[in-house]
Amino acid sequence: MNNFINISDLKDIDKAIEEAILLKKHPTKYQNIGKNKTIGLLFFNSSLRTRLSTQKAAINLGMNVMVMNFSKEGWALEFDDGVLMNSSKSEHIKEAAQVISQYCDIVAVRAFAELKSSAIDNQDKVINGFLKYATIPVVNMESATGHPLQALADAITIAEHTQKKQPKIVLSWAPHPNALPQAVANSFVEMLHQTSASFVITHPKGFELNSEITKNATIEYNQEKAFENADFIYVKNWSSYTNYGKTSQDETWKITIAKMKLTNQAKFMHCLPVRRNVVVDDAVLDGENTLVIQQANNRTYAAQVVLKKILENEKK
Ligand code: AN0
Ligand code: CP
């Protein structure tokens with residue numbers, strides 16, 4: 001594997017999950033793979049889990065890590081070609097990516113959707129700018145359209161908590177005060193498409209995800225109906241794709257104990273950060289069926305599997 005931009009960059013997701021579970025048992029077994037190699041982690045947005053777990057994964061593989069909060073510390077970058085750079089942008093991605101490629105062996109990038117225009121966000125200019133001009137492998141730490149490291153960690157967590165070949169997984173929208181990207185939901189759906197799980201997406205009308213990503217997935221507008229017999233409830237807010245960037249705080253969609261009781265004692269999942277009692281009630285988040293802390297732990301092994309494959313330059 002050279003770059004990790006989408007979950008489909010993994011040749012075999014089931015094998016990657018197995019390998020991650022092995023790495024979890026012996027995290028420092030491959031400490032020589034990354035010896036004298038450097039990863040640069042570039043953040044255009046805030047992070048807790050992605051920053052620390054990717055750093056931890058690289059350390060477990062013996063790599064050196066350089067972290068840069070690009071939005072605060074870097075020059076403002078221009079991503080369009082052929083522009084007259086006489087405004088606020090000081091440096092073009094063309095130079096920046098080539099320069100970074102001389103200092104690092106892998107570059108990982110976080111750059112969220114701006115949620116102003118789907119046409120612009122779908123171009124995923126930041127990660128694609130790095131892909132175009134960097135001469136080293138590029139890893140997606142949440143781009144405008146996807147968060148595949150999260151989806152891989154979620155797949156690992158689900159595998160660890162079910163014996164079923166076809167568990168019922170529900171991706172449920174939940175309310176939020178801010179307009180949030182669709183990236184986490186997109187990658188979760190892309191990941192589910194690659195597994196044998198049966199899944200349902202539930203959200204209010206008008207909150208459909210990009211139909212190219214959901215393809216022929218089942219969509220159920222009645223959240224309570226969707227929850228029936230579920231083994232996993234994966235919760236995420238996303239702003240509207242069709243009415244791009246519009247949000248909703250409709251509290252009838254909040255995750256409550258009463259709703260969880262409709263399920264097959266389902267496990268509760270969320271990528272974090274989560275707003276308590278807005279997205280989900282304390283009683284659910286603090287209950288015995290929550291997997292959120294385990295999910296965050298698996299971010300390390302998801303990243304470690306990906307970095308290991310890149311370091312080994314496994315052919316697709
Ligand atoms: C981000 C999002 O929804 O994409 C990051 C989640 C991993 N969440 C927030 O900004 C709260
Ligand atoms: N889940 C996740 O990506 O968390 P951070 O935004 O804290 O990295």
Side-chain angles (χ1 to χ4, degrees), residues 4-7 39 41-58 65 67-72 108-116 118 121-122 124 126-127 139-158 171-191 201 203 207 209-210 213 234-241 244-249 253-255 268-280 285 290-304 306-307:
F4 183 67
I5 306 300
N6 300 304
I7 197 82
I39 187 168
L41 308 181
L42 311 183
F43 287 89
F44 291 81
N45 306 94
S46 308
S47 171
L48 187 165
R49 282 142 289 271
T50 305
R51 177 168 171 165
L52 296 183
S53 65
T54 310
Q55 184 158 356
K56 182 76 193 275
V65 186
V67 185
M68 187 166 174
N69 279 324
F70 219 99
S71 52
K72 298 199 182 81
V109 181
R110 162 164 284 200
F112 288 175
E114 287 179 352
L115 298 174
K116 291 183 192 130
S118 61
D121 284 342
N122 283 342
D124 234 326
V126 181
I127 198 105
V139 173
N140 182 351
M141 297 195 297
E142 187 173 338
S143 74
T145 58
H147 194 1
L149 285 173
Q150 180 67 50
L152 181 56
D154 298 335
I156 297 164
T157 313
I158 289 169
L171 168 61
S172 179
W173 183 92
H176 201 280
N178 300 334
L180 297 188
Q182 295 96 22
V184 170
N186 288 346
S187 292
F188 189 70
V189 170
E190 284 172 343
M191 178 274 287
I201 308 173
H203 53 69
F207 284 84
L209 292 162
N210 181 347
I213 289 170
Y234 191 98
V235 178
K236 182 73 186 81
N237 167 271
W238 59 86
S239 57
S240 175
Y241 184 75
Y244 202 67
K246 183 184 159 282
T247 190
S248 162
Q249 303 196 45
W253 280 79
K254 182 175 68 167
I255 311 303
F268 173 84
M269 298 180 73
H270 190 286
C271 64
L272 304 181
V274 70
R275 290 187 180 230
R276 285 174 171 264
N277 304 310
V278 174
V279 169
V280 53
L285 198 56
T290 183
L291 292 182
V292 297
I293 306 300
Q294 291 93 319
Q295 270 174 275
N297 189 30
N298 283 334
R299 291 293 308 275
T300 298
Y301 309 104
Q304 205 171 324
V306 165
L307 297 182

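Just follow the structure's listing: the first ligand is 1, and inside any ligand the first atom is 1. Quick caveat, the model's predicted, so the values are computed rather than measured.
- At least one donor-acceptor pair under 3.5 Å links the side chain of Gln295 to the backbone N or O of His270.
- Within the structure, ligand 1 has Pro181 among the residues with a heavy atom less than 4.0 angstrom away.
- Side chain of Arg110 to main chain of Ser46: a donor-acceptor pair is present (N/O by atom type, distance under 3.5 Å, no hydrogens or angles).
- From the protein, the heavy atom lying nearest to atom 2 (C) of ligand 2 is Arg299 NH1, 3.3 Å.
- Within the 4.0 Å heavy-atom cutoff, Asn45 does not count among the residues contacting ligand 1.
- A donor-acceptor distance shorter than 3.5 angstrom exists from the side chain of Asn45 to the backbone of Phe112, with no hydrogens or angles considered.
- A donor-acceptor contact shorter than 3.5 Å is absent between the side chain of Asn140 and the backbone of Phe4.
- Contact analysis puts Gln150 in contact with ligand 2, with a non-hydrogen atom separation below 4.0 angstrom.
- When the shell of 6.0 Å around NZ of Lys254 is examined, it contains more than 12 heavy atoms from other residues, nucleotides or ligands.
- Neither side chain, Glu190 nor Asn186, offers a donor N or O lying under 3.5 Å from an acceptor on the other.
- Distances between N or O atoms of Arg110 and those of ligand 2 include at least one value under 3.5 Å.
- Less than 4.0 angstrom separates some heavy atom of Leu272 from each of these atoms of ligand 2: 1 (N), 2 (C), 4 (O).
- Close contacts between ligand 2 and Cys271 involve ligand atoms 1 (N) [criterion: under 4.0 Å to a heavy atom].
- Trp173 and Trp253 have perpendicular rings, their planes meeting at more than 60° on a 0 to 90° scale where under 30° would count as parallel.
- For His147, the closest heavy-atom approach to ligand 2 falls below 4.0 Å.
- Judged by distance alone, with hydrogens and angles left aside, the side-chain atoms of Ser239 form a donor-acceptor pair with the main-chain N or O of Leu180 at under 3.5 Å.
- Not a single N or O atom of Ser46, backbone or side chain, sits closer than 3.5 Å to an N or O atom of ligand 2.
- Protein heavy atom nearest atom 9 (C) of ligand 1, with residue, atom name and distance: Leu180 CD2, 3.7 Å.
- Looking at ligand 1, you won't find any N or O of His147 less than 3.5 Å from one of its N or O atoms.
- Against a heavy-atom cut-off of under 4.0 Å, Lys236 is close to the following atoms of ligand 1: 2 (C), 3 (O).
- Those atoms of ligand 1 that come under 4.0 Å of a heavy atom in Leu272, given as number and element, are 7 (C).
- When only non-hydrogen protein atoms are considered, atom 5 (C) of ligand 1 lies nearest to Glu142 OE1, 3.5 Å.
- At least one side-chain heavy atom of Cys271 sits under 4.5 Å from a side-chain heavy atom of Lys236.
- With respect to atom 7 (O) of ligand 2, the closest heavy atom belonging to the protein is Leu48 N, 2.7 Å.
- Within a 6.0 Å sphere centred on NZ of Lys246, other residues, nucleotides and ligands contribute more than 12 heavy atoms.
- Among the atoms of Arg49, some N or O lies under 3.5 angstrom from an N or O of ligand 2.
- Formation of a donor-acceptor pair under 3.5 Å by the Thr247 side chain with backbone atoms of His176 is found in this model.
- Trp238 does not count as a contact of ligand 1, since none of its heavy atoms falls under 4.0 Å from the ligand.
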